Amino acid sequence: MTSIARAFALSLGIAATTIFLIMLGLFIWRYPMEEREFRACRVVAAVLDRATDVEGQNLTVRPTRALEELKADSPNLWYVVSAGDMVSEYGSERRPALPFAFPYHGPVGSSVFSTLDQKSTFCLAVMQRGSLQLAMMVGEPQVRFGRMARNFLIRSVFSIMLLALAFAATVAVGAALAARFVSRGIERVALRALAIDPAAPQGLISLCEVPRELKPLVEALNRAFGEIDAYIRMQRRFLGNAAHQLRTPLTLLRAKIEDVPEPALKAELVQDVRRLTSLVSAMLDLARLQNHAIAKRPIDLAAITLDVLADFGPSALDAGIELALEHAEEGPLLVQGVDAAVRSALANLVGNALIHAHGARRIVATLSRGNISIDDDGAGLPDGAEHRLLEPFQTGNSAGDGAGLGLSIVREIMAAHGGELVISSAPGRGTTMSLRFPEATATTRSPRLDLQTS
């Protein structure tokens with residue numbers, strides 16, 4: 001679809017040009033009678049001028065096509081043509097008494113005069129042809145509108161073109177300004193719509209700064225935003241309530257499992273309850289993140305990473321996996337965030353690598369300015385699995401361990417911090433999961449840390 005400004009300017013320009021041409025035609029058609037007689041006088045004089053030949057002492061008016069057409073259209077036509085003392089006359093029986101004698105000698109030009117009886121008018125045209133002065137008096141001409149209009153357009157073509165261009169330019173500029181006004185109104189609406197948080201679209205677009213034509217659209221958007229916000233709130237409320245209501249039955253179920261006499265069945269039930277408990281806890285964490293704003297302050301990524309890796313040290317030893325912490329660069333490693341939330345996000349990534357990185361022998365946490373990357377040398381992920389893992393209840397473990405909410409929670413944590421979770425992987429080349437934060441303005445340097453477990 002073309003732009004509004006271009007379509008508006010083009011359509012209005014075409015309409016304005018059409019109106020201009022119609023007005024011009026009406027102007028010529030409804031010309032004042034005096035002006036029409038004067039224009040007719042010019043047309044007839046031009047016809048007679050082209051038909052008149054002066055050779056020596058002979059003055060001849062040739063029967064040209066235009067002159068014959070004029071005679072056919074004008075049954076009462078008469079004219080007198082003189083050059084010096086030579087005179088040629090047509091329709092003398094129809095000519096009334098004139099206030100001028102023949103041959104006529106006067107100034108060059110053309111005009112319309114009344115006859116002596118004041119009952120009709122006649123045209124007097126004088127033009128210079130070499131050393132001779134050609135004078136013409138014409139009465140009762142009936143000039144066709146097309147010929148008169150053509151003569152008028154030929155004589156005034158330059159002025160008409162300038163007037164048409166000025167008119168079209170004025171209309172085009174006005175159309176462009178009007179279209180720009182509409183476009184700017186749409187841009188303001190779009191910017192205000194983009195400023196609304198998709199996770200909580202309760203903000204409304206004010207109708208005060210919106211053009212009248214766009215108000216129905218803005219009202220529809222506001223209504224849609226309100227319905228979306230109500231649906232999101234209801235969904236989050238249901239998620240939190242469901243998770244909260246499940247905690248008590250799970251606690252009672254765990255207590256009753258202790259009385260199961262068969263060890264194998266008891267171990268299987270304990271594992272199932274542990275998975276359900278983990279799922280409920282993850283759902284509660286996700287609901288809290290979605291329903292509450294967080295208060296951020298400067299935190300040290302290096303210290304948090306060191307603590308999380310230390311917590312996972314025993315699990316890594318049991319799995320025979322080496323953990324390492326490296327700095328990609330020296331400099332401030334402070335970001336704005338919530339310490340507990342960032343720890344939870346990083347613990348999710350490290351725990352996910354320990355569980356799902358099949359065949360991994362080494363997991364490295366790399367620190368850089370505003371970024372933490374967890375790299376493993378495992379089997380990697382299938383093609384296209386990175387985006388799927390970010391959705392709730394999706395897991396990369398074919399055995400079904402885990403709730404599939406860990407990475408969704410990490411993504412919510414990073415979104416709340418204004419950052420992002422980035423996953424990159426290739427089959428057989430391992431997986432890299434990165435937490436990217438907006439950098440804080442603090443410039444405190446963190447010491448180089450290295451942690452290895454084997």
Side-chain angles (χ1 to χ4, degrees), residues 278 282 285-286 289 299-313 315-316 319 321-329 333 335 337-399 401-439 449 451-453:
S278 174
D285 291 339
L286 187 58
L289 283 171
I299 56 175
D300 188 355
L301 292 182
I304 292 175
T305 306
L306 180 62
D307 291 344
V308 171
L309 292 181
D311 291 340
F312 279 94
S315 300
I321 298 176
E322 175 187 354
L323 293 180
L325 173 62
E326 297 179 356
H327 283 244
E329 61 179 72
L333 296 176
V335 297
V338 178
D339 186 282
V342 175
R343 288 177 185 272
S344 174
L346 186 58
N348 261 299
L349 296 189
V350 177
N352 189 76
L354 287 173
I355 296 172
H356 300 295
H358 303 292
R361 306 306 302 167
R362 191 168 190 263
I363 297 175
V364 180
T366 303
L367 289 169
S368 60
R369 195 182 299 266
N371 185 76
I372 307 175
S373 295
I374 304 298
D375 304 277
D376 65 69
D377 57 357
L381 298 173
D383 292 335
E386 296 92 334
H387 299 292
R388 188 175 69 252
L389 289 177
L390 293 176
E391 298 301 323
F393 303 103
Q394 296 293 328
T395 175
N397 191 345
S398 59
D401 295 336
L405 283 175
L407 294 182
S408 296
I409 293 175
V410 174
R411 184 179 63 175
E412 292 290 340
I413 291 174
M414 296 308 298
H417 284 77
E420 60 179 342
L421 167 64
V422 179
I423 302 176
S424 60
S425 180
R429 297 185 181 180
T431 303
T432 300
M433 298 191 181
S434 301
L435 304 179
R436 296 179 181 177
F437 296 86
E439 295 182 43
L449 299 172
L451 173 67
Q452 294 186 346
T453 60

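Fair warning: this is a prediction, and the values are worked out from it, not measured in the lab. Positions are given from 1, in the same order as the sequence printed here.
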- Query: Which is it for Leu435 and Val410 under the side chain to side chain contact (heavy atoms under 4.5 Å, CB included) test, yes or no, and what are the steps along the way?
  - Reply: CA-CA 9 Å; Leu435 304 179; Val410 174; 3.6 Å; yes
- Message: One pair to check against side chain to side chain contact (heavy atoms under 4.5 Å, CB included): Thr432 and Ile374. What are the steps and the verdict?
- Response: CA-CA 6 Å; Thr432 300; Ile374 304 298; over 6 Å; no
- Item | side chain to side chain contact (heavy atoms under 4.5 Å, CB included) assessment of Asp376 paired with Ile321 | CA-CA 10 Å; Asp376 65 69; Ile321 298 176; over 6 Å; no
- Message: Using side chain to side chain contact (heavy atoms under 4.5 Å, CB included), reason through Val342 and Phe437 one step at a time and then give a plain yes or no.
- Response: CA-CA 10 Å; Val342 175; Phe437 296 86; 3.9 Å; yes
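Here CG of Asn371 is found 6.0 Å from CZ of Arg436. Values are rounded to the nearest 0.5 Å. Put simply, OG on Ser373 and CD on Glu326 are 11.0 Å apart, with the number rounded to the nearest 0.5 Å. We find the OG1-CG distance between Thr431 and Asn352 to be 8.5 Å, quoted to the nearest 0.5 Å. The distance from atom CG of Leu301 to atom CG of Leu306, rounded to the nearest 0.5 Å, is 12.5 Å. A distance of 12.0 Å separates CD1 of Ile304 from CG of Leu309, quoted to the nearest 0.5 Å. Distance check: Phe312 CZ to Leu323 CG gives 9.0 Å after rounding to the nearest 0.5 Å.
Across every non-hydrogen atom of Ile299 and Gly337, the tightest pair is CG2-O, 3.8 Å. Across Val335 and Gly370, no two heavy atoms sit closer than the pair CG1-CA, 3.9 Å. Between Arg361 and Ala319, the shortest heavy-atom contact is NH1-O, 4.4 Å. Smallest separation of non-hydrogen atoms from Gly430 and Ser425: O-OG, 3.1 Å. The two residues Val308 and Arg343 have their closest heavy-atom pair at CG2-O, 4.1 Å. When every heavy atom of Ala360 is checked against every heavy atom of Asp377, the shortest pair comes out as CA-OD1, 3.3 Å.
Put simply, the side chain of Ile372 reaches to within 4.5 Å of the side chain of Leu367, judged on heavy atoms. In this structure, the side chains of Leu349 and Leu421 come closer than 4.5 Å at one or more pairs of heavy atoms.
Asn348 contributes a side-chain N or O that, together with a main-chain N or O of Ser344, makes up a donor-acceptor pair within less than 3.5 Å.
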